[in-house]
2 protein chains.
Amino acid sequence: MAVAQRPGADHCGVAAAMAVIDGKWKVSVLWELERCPRRFGELRRLVPGVSEKVLAAQLRELETDGVIHREVYEQVPPRVEYSLTPLGRDLNTALEALGEWGTKYLLPDSA
Amino acid sequence: MAVAQRPGADHCGVAAAMAVIDGKWKVSVLWELERCPRRFGELRRLVPGVSEKVLAAQLRELETDGVIHREVYEQVPPRVEYSLTPLGRDLNTALEALGEWGTKYLLPDSA
DNA sequence: CGGCATCCCCAAGGATACTG
DNA sequence: CAGTATCCTTGGGGATGCCG
């Protein structure tokens with residue numbers, strides 16, 4: 001999303017997390033990787049609508065942020081697999097709380 | 001942030017939550033309101049960097065989404081107070097999980 | 001005080017083509 | 001297959017001014 005960064009503010013942890021998942025497709029990618037490691041092409045298909053350029057860019061950022069791992073298998077044709085790091089798994093767990101809230105929020109009238 | 005919406009996908013709850021907090025200052029606002037209700041001008045000061053236009057717009061969206069309540073006191077000068085709804089408090093709780101992850105993530109090397 | 005209206009800008013993202 | 005390179009579009013947000 002783009003979250004205001006206020007160093008020192010007591011919500012900076014949230015801001016940091018938001019910065020990591022800031023990107024239109026990152027949560028979807030994280031979610032898909034939760035099930036199992038995936039190749040680039042698989043992710044393209046699993047995350048409909050994302051372009052190659054943007055998927056590659058966001059994967060790089062997620063890798064830089066240490067939430068996913070990029071494994072290159074030297075073969076022909078090339079094979080690259082992306083997987084969650086332990087940190088990434090923790091992030092997904094934290095996102096689940098948000099997911100539960102969202103599901104509850106979506107209900108027209110909940111109990 | 002702007003999160004890909006994939007109706008039917010099993011992460012749609014997360015997407016819904018992300019949509020609600022999508023806005024550069026929304027999390028900060030939510031955070032400030034956690035402590036106590038705040039007036040418009042207070043929020044401006046508490047959330048440094050936000051413009052009047054954008055603050056007003058994001059407050060409207062948060063209100064539309066049912067996470068904050070807008071109370072207008074008919075006085076001169078005008079007085080408007082914003083507060084969290086129960087739904088908003090739940091959202092903040094869910095965000096705390098993310099905040100804890102973020103804090104952990106920020107540590108150079110954690111135990 | 002608490003806004004809304006207007007104009008502007010720029011970075012994130014989309015489309016397409018090309019490459020190791 | 002798994003990307004880069006290039007060009008282009010969009011809209012969220014910044015700055016400023018006016019109003020009840």
Side-chain angles (χ1 to χ4, degrees), chain A residues 1-6 15 17-30 32-33 36-65 67-83, chain B residues 1-6 15 17-30 32-33 36-65 67-83:
Chain A
M1 54 167 275
V3 170
Q5 280 286 5
R6 288 192 286 150
M18 298 289 287
V20 172
I21 58 176
D22 185 7
K24 192 169 178 179
W25 312 99
K26 287 186 183 174
V27 175
S28 297
V29 168
L30 253 20
E32 294 301 339
L33 294 183
C36 63
R38 297 289 191 183
R39 303 180 56 172
F40 185 86
E42 285 183 294
L43 287 173
R44 272 216 72 186
R45 266 170 272 116
L46 289 167
V47 183
V50 67
S51 70
E52 291 181 355
K53 183 194 102 175
V54 174
L55 178 58
Q58 307 212 345
L59 284 169
R60 294 293 184 183
E61 293 182 11
L62 289 170
E63 187 193 5
T64 298
D65 286 327
V67 292
I68 68 172
H69 172 71
R70 180 168 180 269
E71 184 73 33
V72 181
Y73 299 89
E74 296 296 349
Q75 311 175 348
V76 183
R79 176 186 183 85
V80 180
E81 273 193 359
Y82 296 90
S83 56
Chain B
M1 58 174 268
V3 171
Q5 282 284 3
R6 289 191 286 149
M18 300 289 288
V20 171
I21 58 176
D22 185 7
K24 190 170 179 180
W25 312 99
K26 287 186 184 175
V27 175
S28 297
V29 168
L30 254 19
E32 293 302 339
L33 294 182
C36 62
R38 296 291 190 182
R39 300 180 57 173
F40 186 84
E42 285 184 294
L43 287 174
R44 274 215 69 185
R45 266 170 273 119
L46 290 167
V47 183
V50 68
S51 70
E52 292 180 353
K53 183 194 102 175
V54 174
L55 177 57
Q58 307 211 346
L59 284 169
R60 294 294 185 181
E61 292 181 10
L62 290 170
E63 187 193 5
T64 298
D65 286 327
V67 293
I68 69 173
H69 172 69
R70 181 169 179 268
E71 184 73 33
V72 181
Y73 298 90
E74 296 296 349
Q75 312 175 347
V76 183
R79 176 186 182 84
V80 180
E81 273 194 0
Y82 295 89
S83 56

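Quick note on labels: first sequence line is chain A, next is B, and so on, each numbered from 1.
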Spatial distance of atom [atom1] ([X]) from atom [atom2] ([Y]) [nearest 0.5 Å]:
| X | Y | atom1 | atom2 | result |
| --- | --- | --- | --- | --- |
| A:Q58 | A:D22 | CD | CG | 8.5 Å |
| B:L62 | B:L30 | CG | CG | 6.0 Å |
| B:R44 | B:S51 | CZ | OG | 7.0 Å |
| B:Y82 | B:E42 | OH | CD | 12.0 Å |

Could you tell me the separation between the [atom1] atom of [X] and the [atom2] atom of [N], rounded to a whole number of Å?
| X | N | atom1 | atom2 | answer |
| --- | --- | --- | --- | --- |
| B:L55 | D:dT16 | CG | C1' | 17 Å |
| A:R79 | C:dG20 | CZ | C1' | 19 Å |
| B:D22 | D:dG12 | CG | C1' | 9 Å |
| A:Q75 | D:dG3 | CD | P | 13 Å |
| A:E74 | D:dG3 | CD | P | 12 Å |
| B:L59 | D:dG12 | CG | P | 17 Å |
| B:E71 | C:dC1 | CD | C1' | 16 Å |
| A:Y82 | D:dA2 | OH | C1' | 7 Å |

Any side-chain N or O of [X] less than 4.0 Å from the OP1 or OP2 oxygen of [N]?
| X | N | value |
| --- | --- | --- |
| B:R70 | C:dG3 | yes |
| A:R39 | D:dC1 | no |
| B:Q58 | D:dG13 | yes |
| B:R60 | C:dC4 | yes |

Are side-chain heavy atoms of [X] and [Y] found at a separation under 4.5 Å?
| X | Y | answer |
| --- | --- | --- |
| B:E32 | B:V47 | yes |
| B:L59 | B:I68 | yes |
| A:L55 | A:V29 | yes |
| A:M18 | B:V27 | yes |

Does B:E81 use its side chain to pair, donor to acceptor, with the backbone of B:P37 at less than 3.5 Å?
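A pair under 3.5 Å: no.
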
Net bend of the helix from C:dC1-D:dG20 to C:dG20-D:dC1, end axes of five pairs each, nearest 10 degrees:
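That helix has its two terminal axes inclined by roughly 50°.
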
All N/O pairs under 3.5 Å across the protein-nucleotides 14-18 of chain C interface:
from   : atom 1 : to    : atom 2 : distance (Å)
C:dG14 : OP1    : A:K24 : NZ     : 3.0
C:dG14 : OP2    : A:W25 : NE1    : 3.1
C:dG14 : O6     : A:K53 : NZ     : 2.3

